[in-house]
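Okay, so here's the structure we're looking at.
Values below: every heavy atom of this structure, side chains too, minus hydrogens, waters and symmetry copies. To find a chain, count down the sequence lines: A is the first, B the second, and so on, and within it residues start at 1.
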Amino acid sequence: MECDKCGENAVLHAAYSGLHLCESHLCRAVTKRVRRRIREDGLVSDDATVEDPETWVIGLSGGKDSVVLTQILHDTFAEDPRIELVALSIHEGIEGYRDASLEACEELTDDLGIEHVTVSYAEEFGVQMDDVVEDDPEGMAACAYCGVFRRDLLSKYAEELDADKLLTGHNLDDEAETALMNFLEGDISQIAKHFEASLGPFDSSADAPTEQTREAQDHHIPRAKPLRDIPEKEVALYARFQDLPAHITECPHAEEAYRGEIQELMLGLEENHPGTRHSIMAGYEKLAALAADTYGGENGDTDYGECENCGAPTARDLCRKCNLLDALEAV
Amino acid sequence: MHVTVEIAGEDTHELEVDADATYGDLLAPVDLSPHEVSVLVDGEHMPTDQPVEHDHVRVVRLIKGG
């Protein structure tokens, strides 16, 4: 089969668009869609100037998604003095897994000349995920502990690095799965929070996916997901074709059973009805904007204060991370 | 048509497929989705709707955690 753009050998049939693309045109298409998403979401604020640039902290795990995000952001903004990029990696204490992916992070940030900061659960919390999995005081999946700890450190260090935005490498499959999970759980306030925290555009423009913009939050650094229009397979192919130092081993503790079920359902639907992931997100973004209008901002039921122990933003006396650390301490 | 499907780092399967089968048709019998793998022939990635023309393919998993 030939590439629909140039006639070279195609490497991918994107059934949702009908296009056959070669290596070169697949990579160009990925970059173009990420840049369009950055534009449509109004990520580059009017306040970002040469004299007073914005700092964007990238959550860099060394997996394909965050590596591709870092590369494309570098290609897009390296020559733009309004934006400064800093990569932030987290070592969870998973033997034989995270060491290799942190090497990938170091190789990439060295190549690109991007400042790179690494923090660890061991130094910050005195725990390692390998031990947390063994102790498991709450009877939860490993990802449930790890997600709480990771989000805490990403927020804390984004704050310390004086970030204006925190960017993560969530792709189309990740986001459509989350959308389906929130919808099937009937959790409208969670959908509103999803819009306010990372989905909603920063500025309203003719290009924005929803007219409504997200409310400014003072309790968390705003997050954004510029890869959320790109199917996971295309992110992975981009990493291979650009020869990026991405680490693709699965975490040995990964066991998000419900997400796995949703993924299987979604990919089955996508195969039988190409474009399902895109249409899930197109509708979900509009629904999330309506949910945020009703449940978000000042209408929300969440009143953020500070954790009594660590000062992190929380709606309770103790934040979830401190609760989990207390439970681990008691084992 | 007889095709050997080698899944990189995993098992190898021997399949009998229709003469007009596509590379994507080789995946369901080995319980894989075209959205999580790529099919390679002599190191080249094949679009999943391309008719099978080779009797040996290699399948690589592209998706293993983020």
Side-chain angles (χ1 to χ4, degrees), chain A residues 1-3 9-16 18-23 26 59 61-69 97 101 143 168-174 227 231-241 246-254 256 263-264 266-271 274 277, chain B:
Chain A
M1 297 256 173
E2 292 180 352
C3 173
N9 285 339
V11 295
L12 174 85
H13 174 229
Y16 60 87
L19 284 177
H20 292 89
L21 296 171
C22 66
E23 270 189 39
L26 168 64
S61 69
K64 63 186 186 314
D65 302 299
S66 60
V67 162
V68 167
L69 174 64
Y97 172 65
S101 63
C143 303
T168 56
H170 293 83
N171 57 52
L172 175 63
D173 295 42
D174 297 328
L227 296 189
E232 185 161 10
K233 178 175 177 176
E234 293 177 37
V235 176
L237 286 172
Y238 182 99
R240 285 175 81 97
F241 296 150
H247 178 76
I248 60 159
T249 307
E250 187 166 26
C251 172
H253 302 309
E256 277 192 292
Q263 182 191 41
E264 204 177 323
M266 186 185 74
L267 292 183
L269 286 169
E270 181 69 36
E271 204 173 336
R277 290 168 297 186
Chain B
M1 180 180 186
H2 184 87
V3 184
T4 303
V5 179
E6 175 198 346
I7 303 174
E10 300 175 37
D11 301 336
T12 296
H13 303 259
E14 304 294 336
L15 301 182
E16 284 301 328
V17 297
D18 293 341
D20 60 352
T22 63
Y23 287 109
D25 292 334
L26 303 176
L27 299 173
V30 297
D31 207 20
L32 288 170
S33 159
H35 299 290
E36 57 183 349
V37 300
S38 195
V39 180
L40 285 85
V41 172
D42 297 332
E44 300 292 324
H45 294 258
M46 295 290 128
T48 46
D49 64 336
Q50 182 160 319
V52 176
E53 289 166 349
H54 296 78
D55 60 5
H56 187 282
V57 304
R58 192 159 186 266
V59 175
V60 291
R61 283 186 190 270
L62 297 170
I63 293 171
K64 283 184 181 173

Is the closest side-chain heavy-atom distance between B/Leu62 and A/Glu232 below 4.5 Å?
-> no
Measure distances from B/Val37 to the heavy atoms of chain A and classify the residue's part below 4.5 Å as side chain, backbone, both or neither.
-> backbone
Nearest heavy-atom neighbours spanning A/Ala10 and B/Pro47 = O-CD, 3.4 Å
Compare all side-chain heavy atoms of B/His35 with those of A/Arg277 and state whether any distance is below 4.5 angstrom.
-> yes
Under a 4.5 Å heavy-atom cut-off, does chain B meet the side chain of A/Phe241, its backbone, both or neither?
-> side chain
Drop me the distance from B/Leu27's CG to A/Glu271's CD, to the nearest 0.5 angstrom.
-> 8.0 Å
In terms of heavy-atom proximity below 4.5 Å to chain B, should A/Leu12 be classed as side chain, backbone, both, or neither?
-> backbone
Taking side chain as C-beta onward, heavy atoms only, is A/Val11 less than 4.5 Å from B/Glu44?
-> no
If you round to the nearest 0.5 Å, how far is OG of B/Ser33 from NZ of A/Lys233?
-> 8.0 Å
Nearest-0.5 Å distance that lies between atom CZ in A/Arg240 and atom OG in B/Ser38 | 7.0 Å
Looking only at side chains, do A/His20 and B/Asp49 share a donor and an acceptor under 3.5 Å apart?
-> yes
So, do B/Pro51 and A/Met1 sit near enough that their side-chain heavy atoms are less than 4.5 Å apart?
-> yes
